[in-house]
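Worth knowing before you read on, the calculation uses all heavy atoms, side chains too, and leaves out hydrogens, waters and symmetry mates. Each ligand, and each atom within it, is numbered from 1 in the order the structure gives.
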Amino acid sequence: MKNKKNITYNNKKLKVLVTGGAGFIGSCLVRKLLKETEVKVFNLDKLSYSSDHTSIDSLIKDLNLKKSNRYELLKIDLVSYCKTNEIIEYTDPDLIFHLAAESHVDRSIDNPKNFVENNILGTLNLLESVKKHFQKLSTLRKDSFRLINISTDEVFGSLGSNGFFNEESQYNPKSPYSASKASCDHLVNAWFHTFGVPIITTNCSNNFGPWQFPEKLIPLTILKAINNEPIPIYGNGKNIRDWLFVEDHINALLKLSLKGEIGEKYCIGGFKEKTNLEIVESICSILDKLKPRDTSYKNLIKFVADRPGHDFRYAVDSKKISKDISWEIETEFLDSLNRTVDWYVKNQKWCDQTLQKANYYGERIGLS
Ligand code: NAD
Ligand code: DAU
């Protein structure tokens with residue numbers, strides 16, 4: 001993997017607000033901002049079941065940042081307009097990355113209202129607060145202010161065997177999660193056109209990497225395998241996802257915050273389509289070498305009832321972002337998958353604590 005520092009914010013006093021900064025992708029962004037820039041970072045998160053702050057805590061310790069005043073965690077729920085508004089006034093941001101959302105499709109099927117409240121109402125409250133904040137900024141700060149709305153490829157629905165999603169794709173969400181994210185994109189778009197808030201939207205494919213809450217396919221498979229439990233594959237395992245290592249996604253977001261065009265949207269993908277069965281079998285093969293047992297981990301695979309409304313295929317054409325801002329994938333898929341499996345094997349204590357804290361087995365017992 002190339003390890004280059006390619007982000008330079010000219011204004012070192014820049015105040016950056018990350019919503020959902022204690023989640024999987026948000027915390028990776030916060031770590032990168034702390035490690036590779038000099039900006040001040042505010043992390044707004046309601047701290048829910050999927051949040052984790054240990055990776056940021058240990059970085060702050062390593063970098064000796066405790067007393068530097070460069071980082072602040074703000075436990076705020078965007079569902080409260082008053083609190084959101086107060087915190088926007090308090091942080092007075094120059095740049096916002098909006099990642100806060102309920103993110104798991106299966107949970108949206110169990111409890112759609114939670115997704116409408118957190119994702120749609122949460123985004124509305126953020127936009128209303130940001131609108132007020134933006135209107136009060138000096139012309140100079142207005143010119144450089146950006147809100148980056150981090151959305152998903154799922155808003156476009158499901159593909160057949162051919163074709164790709166791109167910036168021209170029609171919105172056609174199929175799950176309560178993707179419908180809530182599509183609503184956020186529409187709201188964001190409206191606040192740009194009607195109120196002039198400078199916004200950029202990204203639609204990204206499936207991320208993977210260390211520190212992901214172990215309910216998503218890749219970390220769940222690793223944990224089930226090393227605990228010698230059945231690995232659940234929904235339906236026939238032929239559904240396809242387009243995988244991207246989380247650090248490549250973060251590089252795209254940072255580059256867009258500097259070079260992206262206001263009002264535009266950018267599709268981000270890994271050009272790495274795999275069926276779910278292929279992904280699970282690859283993880284099993286890695287584990288067969290890393291942690292050999294009597295028989296292959298593949299014997300643990302169990303086909304289970306399909307996800308209702310299960311989207312068949314996602315595949316993202318990221319040519320626009322590559323061409324317009326020279327973003328490129330810097331990691332190699334199998335290396336990153338190996339790195340991810342290795343991380344989960346070495347961090348089982350973190351997984352146990354994270355799952356226990358989230359009362360995961362109590363809540364979604366159907367999976368085990
Ligand atoms: P995650 O579940 O790991 O983290 C989401 C974070 O948002 C959590 O820490 C949670 O506490 C916080 N949050 C949720 N509702 C909130 C609210 N009302 N107020 C404040 N904080 C709140 O999710 P993730 O995988 O890191 O995804 C982050 C964002 O990226 C989401 O918007 C998701 O839709 C989007 N996205 C994810 C992927 C992926 O593959 N994981 C791909 C494309 C886009
Ligand atoms: O495409 C981007 C989206 O990717 C993000 O917007 C979402 O936040 C993120 O959760 C992810 O959604 P998916 O539904 O694609 O991810 P998940 O890991 O839940 O599932 C990946 C595929 O694996 C999907 O086809 C369902 C399947 N699956 C999932 C689980 C948890 C299984 O077969 N078995 C499982 O146990």
Is there at least one pair of N or O atoms, one from Leu99 and one from ligand 1, spaced under 3.5 Å apart?
-> yes
Work out whether the distance between some heavy atom of Ala101 and some atom of ligand 1 is less than 4.0 Å.
-> yes
Classify the angle between the aromatic ring planes of Phe271 and Phe164 as parallel (below 30°), tilted (30 to 60°) or perpendicular (above 60°).
-> perpendicular
Would you name the heavy atoms of Lys291 and Tyr297 that are closest together and state the gap between them?
-> O-OH, 2.5 Å
Those atoms of ligand 2 less than 4.0 Å from some heavy atom in Pro232 = 32 (C), 33 (O), 34 (N), 35 (C), 36 (O)
Nearest-neighbour protein heavy atom for atom 44 (C) of ligand 1, which is reported as residue plus atom name and distance = Ser151 O, 3.2 Å
Please identify which atoms of ligand 1 are closer than 4.0 Å to at least one heavy atom of Ser51.
-> 8 (C), 9 (O), 10 (C), 11 (O)
Pick one: which of Lys40, Lys136, Lys15 meets salt bridge (Lys or Arg N to Asp or Glu O under 4.0 Å) with Asp92?
-> Lys15
Protein contact of atom 23 (O) of ligand 1 - nearest heavy atom, named by residue and atom, plus distance | Ser103 OG, 3.2 Å
Is the shortest N/O to N/O distance between Phe24 and ligand 1 below 3.5 Å?
-> yes
What residue and heavy atom of the protein are closest to atom 10 (C) of ligand 1, and at what distance?
-> Ser48 OG, 3.3 Å
Determine, considering heavy atoms only, which of Ser50, Ser103, Ser151, Ala101 sits nearest to atom 10 (O) of ligand 2.
-> Ser103
Ser205 to ligand 2: N or O pair under 3.5 Å?
-> no
Nitrogen or oxygen atoms of Tyr314 and ligand 2 under 3.5 Å apart | no
Considering only non-hydrogen protein atoms, determine which one is nearest to atom 37 (C) of ligand 1 and report residue, atom name and distance to 0.1 Å.
-> Ile25 CD1, 3.4 Å
Which heavy atom of the protein is the closest neighbour of atom 4 (O) of ligand 1, given with residue, atom name and distance?
-> Gly23 CA, 3.2 Å
Polar atom proximity, Asn239 to ligand 2 (N or O, under 3.5 Å) = no
Which atoms of ligand 2 sit under 4.0 Å from any heavy atom of Thr152?
-> 1 (O), 2 (C), 3 (C), 5 (C), 6 (O)
Which bit of Thr221 gets closer than 4.0 Å to ligand 2, counting heavy atoms only: side chain, backbone, both or neither?
-> neither
Run the numbers for me: atoms of ligand 2, each under 4.0 Å from some heavy atom of Val105, listed by number.
-> 14 (O)
In terms of atom number and element, which parts of ligand 2 are under 4.0 angstrom from non-hydrogen atoms of Arg241?
-> 15 (O), 24 (C), 25 (O)
Is the shortest side-chain N to carboxylate O distance from Glu247 to Arg339 below 4.0 Å?
-> yes
Protein contact to atom 33 (C) of ligand 1 [nearest heavy atom, distance to 0.1 Å] | Tyr177 OH, 3.5 Å
Which ligand 2 atoms does His310 reach within 4.0 Å, using its non-hydrogen atoms?
-> 24 (C), 25 (O), 26 (C)
Output the list of atoms in ligand 2 that are nearer than 4.0 Å to some heavy atom of His104, sorted by atom number.
-> 19 (O)
Atom 30 (O) of ligand 1: of Ile150, Ile218, Val155, Asn207, the nearest heavy atom sits on Ile150
Which atoms from ligand 2 have a heavy atom of Ile233 less than 4.0 Å away?
-> 33 (O)
Glu215 heavy atoms within 4.0 Å reach ligand 2 at atoms 31 (C)
Ionic contact status for Glu117 with Lys113, cut-off 4.0 Å = yes
